[in-house]
2 protein chains.
Amino acid sequence: MEDKLKELRERWLEISDLSMASRLLSWDRATYMPAGGAEARGRQMALLQRLSHERQTSPEKGRLLEELAPFEESLPYDSDEASLIRVSRREFEKVVKVPPDFVAEAAAHSTASYQAWVKARPENDFAAVQPYLEKSLELSRRYADFFPGYDHMVDPLIDRADQGMKAHTIQALFAELREQLVPLLKKIREQPEADGSCLHRLYPEEKQLAFAREVIERYGFDFERGRQDKTAHPFMTMFSLNDVRITNRVDERDLGQALFSTLHEAGHALYQLGVNKDYEGTPLAWGTSSGVHESQSRLWENLVGRSRPFWEYYYPRLRQVFPDQLADVSLDTFYEAINKVTPSLIRVEADEVTYNLHVMIRFDLELAMLEDRLAIKDLPEAWHARYEQDLGLRAPDDRDGVLQDVHWFGFSSIGGAFQGYSLGNIMSALFFEQALKQRPEIAAQMAEGRFDALHEWLKENIYQHGRKYTPDELVERISGGPLSIEPYMRYLRTKYGELYDL
Amino acid sequence: MEDKLKELRERWLEISDLSMASRLLSWDRATYMPAGGAEARGRQMALLQRLSHERQTSPEKGRLLEELAPFEESLPYDSDEASLIRVSRREFEKVVKVPPDFVAEAAAHSTASYQAWVKARPENDFAAVQPYLEKSLELSRRYADFFPGYDHMVDPLIDRADQGMKAHTIQALFAELREQLVPLLKKIREQPEADGSCLHRLYPEEKQLAFAREVIERYGFDFERGRQDKTAHPFMTMFSLNDVRITNRVDERDLGQALFSTLHEAGHALYQLGVNKDYEGTPLAWGTSSGVHESQSRLWENLVGRSRPFWEYYYPRLRQVFPDQLADVSLDTFYEAINKVTPSLIRVEADEVTYNLHVMIRFDLELAMLEDRLAIKDLPEAWHARYEQDLGLRAPDDRDGVLQDVHWFGFSSIGGAFQGYSLGNIMSALFFEQALKQRPEIAAQMAEGRFDALHEWLKENIYQHGRKYTPDELVERISGGPLSIEPYMRYLRTKYGELYDL
């Protein structure tokens, strides 16, 4: 059986290396590729993905997994070996249901759709992407049909990113969250608005980047095993467990932009950098799910990076970097500015309290489209209507409306891409609460610019396991119960209660 | 037959895309990869190369080429179709002779050897790389043995880079060149030495890069189809005919470093950017040979970029960029400085007159090693001895001696890597002479900072053809005769005769 396990690992290593190579091609496309390279690059990525897919679905691999089944049963559930076989089988069973032609069609569509969006967004031209969205919707339905027996058509799409999560669970969680968020937001809005103007002075790019770099190095991001580059849209990617990269963007008139997107992506990166090195080249090398991954980006961005203890240490340092810009700004003013709650139009710039409302709008619209209650042509107006209803705002155009996020345009599917953001928020507080319970020194350390107790706890309880557990299993292991919004609401109520004197 | 030709193109496209992807991984390794990424990167590149090699040597491809043979004969020799079939067959016949195990062994050795060299060079530690070199020599001999019937063991190694060239031809050319170079150098050395000190003032990096960029844009380098990054060792690479990249390095105390390496690599890039777009994804998409490629880098670096007309236009511009540094430097002084002839230790920094002596030393040492007249352990001393004999200089250590070039350490072979540099010099003058004959306006244009007549001539006569012709065929087509050193010596004698009042 050891031989068969070795063979399984070897097969995965090749699959993984092909995917990693494709990821590098994608990273380069986003960071450095000249425009002329686009056509060949799309083709090259499609080839690598096809080769990887062929190997993922090979009948030999299926047989190997069958042969390994009794071995798996003889091992403890959470042993590395049993987990590798279990997760491999889960992946295999999922991937063989999708025909290669469909994969190729979706990949080609994805590229074309992305390119159309890149052009259409600055031109505010929804009509130009409408046929691509219609095709994406069709592809999403066809994808779901490969998994008959689902409760909701979106479930197979969700399962790709958030293993085991279902529409009805998420809808229930979101309904509960909404019920508690809306009154909280209302109370905050009755208080005087925080003054965020100090963030919009002129902050030279180089200094912003140097400061953000300093912070993430203290977080534990290792520049010997990663790097940071600039892109239009920040992301984290990985080419091996020892080469994990993040990107960000800088706005010299918005101090929060580069800093918090760096902390966010660094959170994703710390997760990947903390995975057990033995998992290299296997499906265990990734994070548990989209939601758990997002819990880490949000934890390092918000629960740490926008916390009072953090800035007790870092604000004096930031003032050294920007002495003129921050001369007249107190720690209190700065702390209020970076936590200013105000309904806004752009998801990625939203504060912690309103952020989830943006996600829910997208999730609900996805369901409406999949259920045929909403036609693509009516999507822009449905978007505006929901923003007016939920956030009291209407975008002046589609650029900052339905065209703002890449997801529906770049992933060739509608459904399954957004729920992870809110699941991540919910989990971030749940995990952080447990960490604080078990390692009470974390808060004091943060006020000294130290993060090792927190980082260690996260590595031990989350990062090292990679994708060994399902999200539900991980939550259960850590909190002893199912996913609950309570820790998150406690966190928001405490923090914003203090900030807004509620 | 059209179907079979289409199939051939499709097979090549996949081979090419795998190679291009591997090249991107290599480019990233040289430019941006964090140290931690090295292990996985080596494995990923080896995988892509193996997949490409498997497809290059597939029996189906062999059969396809056989079936296409009658079709090829029915077509004009220099038609695109006949050329694709001909070059494909040539490649196929070469590549199938080398067993996959050998390819894998050589690739793995190449990576290990390169890493050893990267570490050994700064530490001046020849002993650390000696076993790698011994293995490389063994691999070189084994490679040659796959091609029995050669005149000289190095011929199959040379043929990889300079199709059809043989040791005895090159030795004859080099002997002739040496015979004429040595007295020229002697005469120059009898004259007062030029003053190169103006190049070694402080030239800020950003301004150097901006100036070099300005020049290569005027050359015709299209930043929509290429880019430039910094690396320890400058190179040109390509991921498609519309994504051709160069790298360089900057020394703030050496104005020539970044500028001329940029012009050099831009020459390689202009070649690739000028290849007929229909050749994308086929073996015709590359330049003719190492020598012909080098003729273009040297032409744009030296025959253009170190010429008097060029600087009549650009020197006033350079002075605008560096007004303080160049205030007291006349055009004459500057022109003499960039063309200063002086024996030196480092090939890539050598002037035009002594450069080929560096190449000949390497070429001769390669033959000596292959013929077993020189043991690897004696190589460092043999190197020093030859430098003393030919250039009157002895490096203080091996770092600037035998460890200076990557070739023997990074390519897992000894032999075939250096001759192209001198062949390129020889060809550069031969081609340039023809260009000037056929387009007499070239010189006057250069003095106006315009290069379109030259660039057009080169595209028409060389670039567009890609690898359609052998080097000999190309030289014959352009000059009506075989490769001759006479144009090159005429160029050197005229230029340096004027510079040194000979």
Side-chain angles (χ1 to χ4, degrees), chain A residues 10 13-29 31-52 54-55 221-230 237-247 269 272-273 277 280-281 285, chain B residues 10 13-29 31-52 54-55 221-230 237-247 269 272-273 277 280-281 285:
Chain A
E10 283 166 0
L13 187 61
E14 194 166 306
I15 292 165
S16 169
D17 280 342
L18 285 165
S19 306
M20 295 295 182
S22 176
R23 294 181 82 84
L24 183 77
L25 269 60
S26 171
W27 171 88
D28 177 74
R29 181 168 72 175
T31 50
Y32 296 115
M33 188 186 77
E39 190 186 332
R41 183 57 51 86
R43 196 181 61 228
Q44 290 156 1
M45 287 170 61
L47 170 63
L48 295 178
Q49 286 157 17
R50 174 168 68 75
L51 295 176
S52 172
E54 280 170 14
R55 283 157 178 75
F221 183 87
D222 178 0
F223 278 88
E224 291 286 303
R225 297 171 57 216
R227 54 176 289 118
Q228 172 160 282
D229 299 271
K230 278 169 53 179
T237 187
M238 140 173 137
F239 315 125
S240 87
L241 289 171
N242 288 309
D243 187 357
V244 177
R245 305 191 192 179
I246 59 177
T247 71
Q272 290 304 143
L273 288 167
K277 293 284 169 294
E280 176 83 284
Chain B
E10 282 165 1
L13 187 61
E14 194 166 307
I15 292 166
S16 169
D17 280 341
L18 285 165
S19 305
M20 296 295 182
S22 175
R23 295 181 82 85
L24 183 77
L25 269 61
S26 170
W27 170 88
D28 178 72
R29 181 167 71 175
T31 50
Y32 296 114
M33 188 186 77
E39 190 185 331
R41 184 57 51 86
R43 196 180 63 228
Q44 290 156 1
M45 287 171 59
L47 170 63
L48 295 179
Q49 286 157 18
R50 173 167 70 73
L51 295 177
S52 172
E54 280 170 14
R55 284 158 179 74
F221 184 87
D222 178 0
F223 278 88
E224 291 287 304
R225 297 171 56 215
R227 53 175 289 119
Q228 172 160 283
D229 298 272
K230 277 169 53 179
T237 188
M238 148 172 130
F239 314 126
S240 85
L241 290 171
N242 288 310
D243 187 357
V244 177
R245 305 192 192 179
I246 61 177
T247 72
Q272 289 304 143
L273 289 167
K277 292 285 170 294
E280 177 83 283

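Sequence lines set the chain letters: A, B, ... in the order given, protein chains first and strands last, and positions in each chain run from 1.
The existence of a salt bridge linking B/Arg43 and A/Glu14 is excluded, since no basic side-chain nitrogen approaches an acidic carboxylate oxygen closer than 4.0 Å.
Of the listed residues B/Asp222, B/Leu51, B/Leu13, B/Leu18, the one with more heavy-atom pairs under 4.5 angstrom with chain A than any other is B/Leu13. Put simply, of B/Glu39, B/Arg225, B/Met45, B/Gln44, the one with the most heavy-atom pairs under 4.5 Å next to chain A is B/Gln44.
Using a 4.5 Å heavy-atom cutoff, the side chains of A/Pro34 and B/Arg227 are in contact. Counting heavy atoms from C-beta outward, B/Leu24 and A/Asp28 have side chains that approach closer than 4.5 Å. Counting heavy atoms from C-beta on, the side chains of A/Asp17 and B/Leu48 never come closer than 4.5 Å.
Between A/Ala40 and B/Ser240, the closest heavy-atom pair is CB-CB, 3.3 Å. The minimum heavy-atom distance between A/Asp243 and B/Gly37, with the atom names listed, is CB-CA, 3.7 Å.
Within the 4.5 angstrom heavy-atom criterion, only side-chain atoms of A/Leu47, from C-beta onward, approach chain B. A/Leu241 does not touch chain B: none of its heavy atoms, backbone or side chain, sits under 4.5 Å away. When heavy atoms are compared at a cutoff of 4.5 Å, A/Met33 approaches chain B by way of both its backbone and its side chain. If you measure heavy-atom distances from B/Tyr32 to chain A, the contacts under 4.5 Å come from both the backbone and the side chain.
Other residues, nucleotides and ligands place no more than 12 heavy atoms under 6.0 Å from the CD atom of A/Glu224. Other residues, nucleotides and ligands contribute over 12 non-hydrogen atoms within 6.0 Å of the CD atom of B/Glu54.
Evaluation of the side-chain hydrogen bond (donor to acceptor under 3.5 Å, both in side chains) rule for A/Lys277 yields no partner, not counting sequence neighbours.
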